[in-house]
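Reading through the structure tokens given below for one structure.
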There are 2 protein chains.
Amino acid sequence: MTQSHATSCAMDSILRLLMGPWTSYILWILQSEGPLRFGALKRKVPGISAKVLTERLRLLEEAGVIFRDYKPTIPPQVTYGLADRGKELAEVFKTLNTIGRRWAEEDKMEKAGKAA
Amino acid sequence: MTQSHATSCAMDSILRLLMGPWTSYILWILQSEGPLRFGALKRKVPGISAKVLTERLRLLEEAGVIFRDYKPTIPPQVTYGLADRGKELAEVFKTLNTIGRRWAEEDKMEKAGKAA
DNA sequence: TAAAGTAGGTACTATATAGTAACTATGAGT
DNA sequence: ACTCATAGTTACTATATAGTACCTACTTTA
């Protein structure tokens, strides 16, 4: 049995989406830099391959978290940006980020205390 | 290059923790049912193996999200429950859950609208 | 004497998927 | 004629890890 049985809550589908590799980083960039073209976005996420970036963007678009604006010029122009749902998520991100920072702080203090 | 390079933000480590298989489900149960013994918890997460449950619990404990209370009786009694950090996360969970539910609602409406 | 329950640990396998490299069409520039 | 850029796609490989099955020590109960 795979875990799909047990993942009944709505939150889980969001987590599953967000947790793909690079995903949170991609959203973070789109949130802080605004809409970007594929190539520009790829350059902002050093190390990601076109394949994986495409994969992630497709999933995020399908979930309605980002929009995709395709202009069939030559060469084509494809722009990605946060949709309403993405902006909603960005708020939660900020909370998680704050919590994460505080935890890291606490852990550091704890370690320093033990070392003393 | 693996993605570790790119995951600089604090939020990411939390997401990475939460997203392990079953993890959010485990936390959800501990939040709604209170502290549970290993066996009881395992029974509440149908389909999970002892190995994976142990693995997840260890990670959550290491992150300070849950506590582990070990009593070396025979047979041993080990109780797990939400620590302060876990309760903090539970708040974010509720937000995500609400958002997830609304999205699912919206998606359903959308689909119904298209079908008509 | 044997089975069952506790809380796991160990060894192995199977599979999903991240990563790599090469390829697509089109046009612009030199 | 050749290269570069765009926005991907396709085919292949490599690896991390979820899953399965079996093991531990000890006691209680039948």
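So that the names make sense, note that chain A is the first sequence line, chain B the second, and so on, each numbered from 1. For the numbers below, each heavy atom of this structure counts, side chains included, while hydrogens, waters and symmetry mates do not.
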Measuring to OP1 and OP2 of dT17(D), would you say a side-chain N or O of Trp22(B) lies under 4.0 angstrom away?
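Result: no.
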So does Arg68(B) get a side-chain nitrogen or oxygen closer than 4.0 Å to the phosphate oxygens (OP1/OP2) of dA7(C)?
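For dA7(C), OP1/OP2 do not have a side-chain N/O of Arg68(B) under 4.0 Å.
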Do [Y] and [X] meet the salt-bridge criterion of a basic N to acidic O distance under 4.0 Å?
X: Glu88(B); Y: Arg85(B); answer: no
X: Glu106(B); Y: Arg102(B); answer: yes
X: Lys108(A); Y: Glu105(A); answer: yes

In residues 32-43 of chain A, which residues come under 4.0 Å of DNA chain D by heavy atom?
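Going residue by residue through residues 32-43 of chain A, the ones with a heavy atom under 4.0 Å of DNA chain D turn out to be Arg37(A), Phe38(A), Gly39(A), Arg43(A).
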So which of residues 70-79 of chain B are in contact with DNA chain C, with a heavy-atom cut-off of under 4.0 Å?
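Those residues whose heavy atoms fall under 4.0 Å from DNA chain C, taken from residues 70-79 of chain B in numerical order, are Pro75(B), Pro76(B), Gln77(B), Val78(B).
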Separation of atom [atom1] in [X] from atom [atom2] in [N], rounded to whole Å:
X: Glu55(B); N: dG8(C); atom1: CD; atom2: P; answer: 13 Å
X: Leu59(A); N: dA18(C); atom1: CG; atom2: C1'; answer: 14 Å
X: Ile48(B); N: dA21(D); atom1: CD1; atom2: C1'; answer: 17 Å
X: Arg56(B); N: dG8(C); atom1: CZ; atom2: P; answer: 16 Å

So how far is it from [X] [atom1] to [Y] [atom2], rounded to the nearest 0.5 Å?
X: Lys42(A); Y: Trp22(A); atom1: NZ; atom2: CH2; answer: 10.0 Å
X: Asp12(A); Y: Thr23(B); atom1: CG; atom2: OG1; answer: 9.0 Å
X: Asp107(B); Y: Met109(B); atom1: CG; atom2: CE; answer: 11.0 Å
X: Ile66(B); Y: Leu57(B); atom1: CD1; atom2: CG; answer: 4.5 Å

Is the closest side-chain heavy-atom distance between Leu27(A) and Gln31(A) below 4.5 Å?
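No, side chains not in contact.
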If you check every side-chain atom of Tyr80(B), which of dG19(D), dG8(C), dA18(C) has the closest atom?
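For Tyr80(B), the side-chain atoms sit closest to dG8(C).
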Provide a list of protein-nucleic acid N or O atom pairs under 3.5 angstrom, restricted to nucleotides 9-13 of chain C.
unit_1	atom_1	unit_2	atom_2	d
dG9(C)	OP1	Arg58(B)	NH2	3.4

Shortest non-hydrogen contact between Ala10(A) and Gly100(B), atoms and distance
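Minimum heavy-atom contact is CB-C, 3.6 Å.
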For Asn97(B) and Ile14(A), run side chain to side chain contact (heavy atoms under 4.5 Å, CB included): C-alpha distance rounded to whole Å, both residues' side-chain angles, the deciding distance at 0.1 Å, then the answer.
CA-CA 9 Å; Asn97(B) 208 30; Ile14(A) 296 186; over 6 Å; no
Does atom CD (Glu62(A)) have a neighbourhood of more than 12 heavy atoms from anything else shown, all under 6.0 Å?
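Not more than 12 within 6.0 Å, no.
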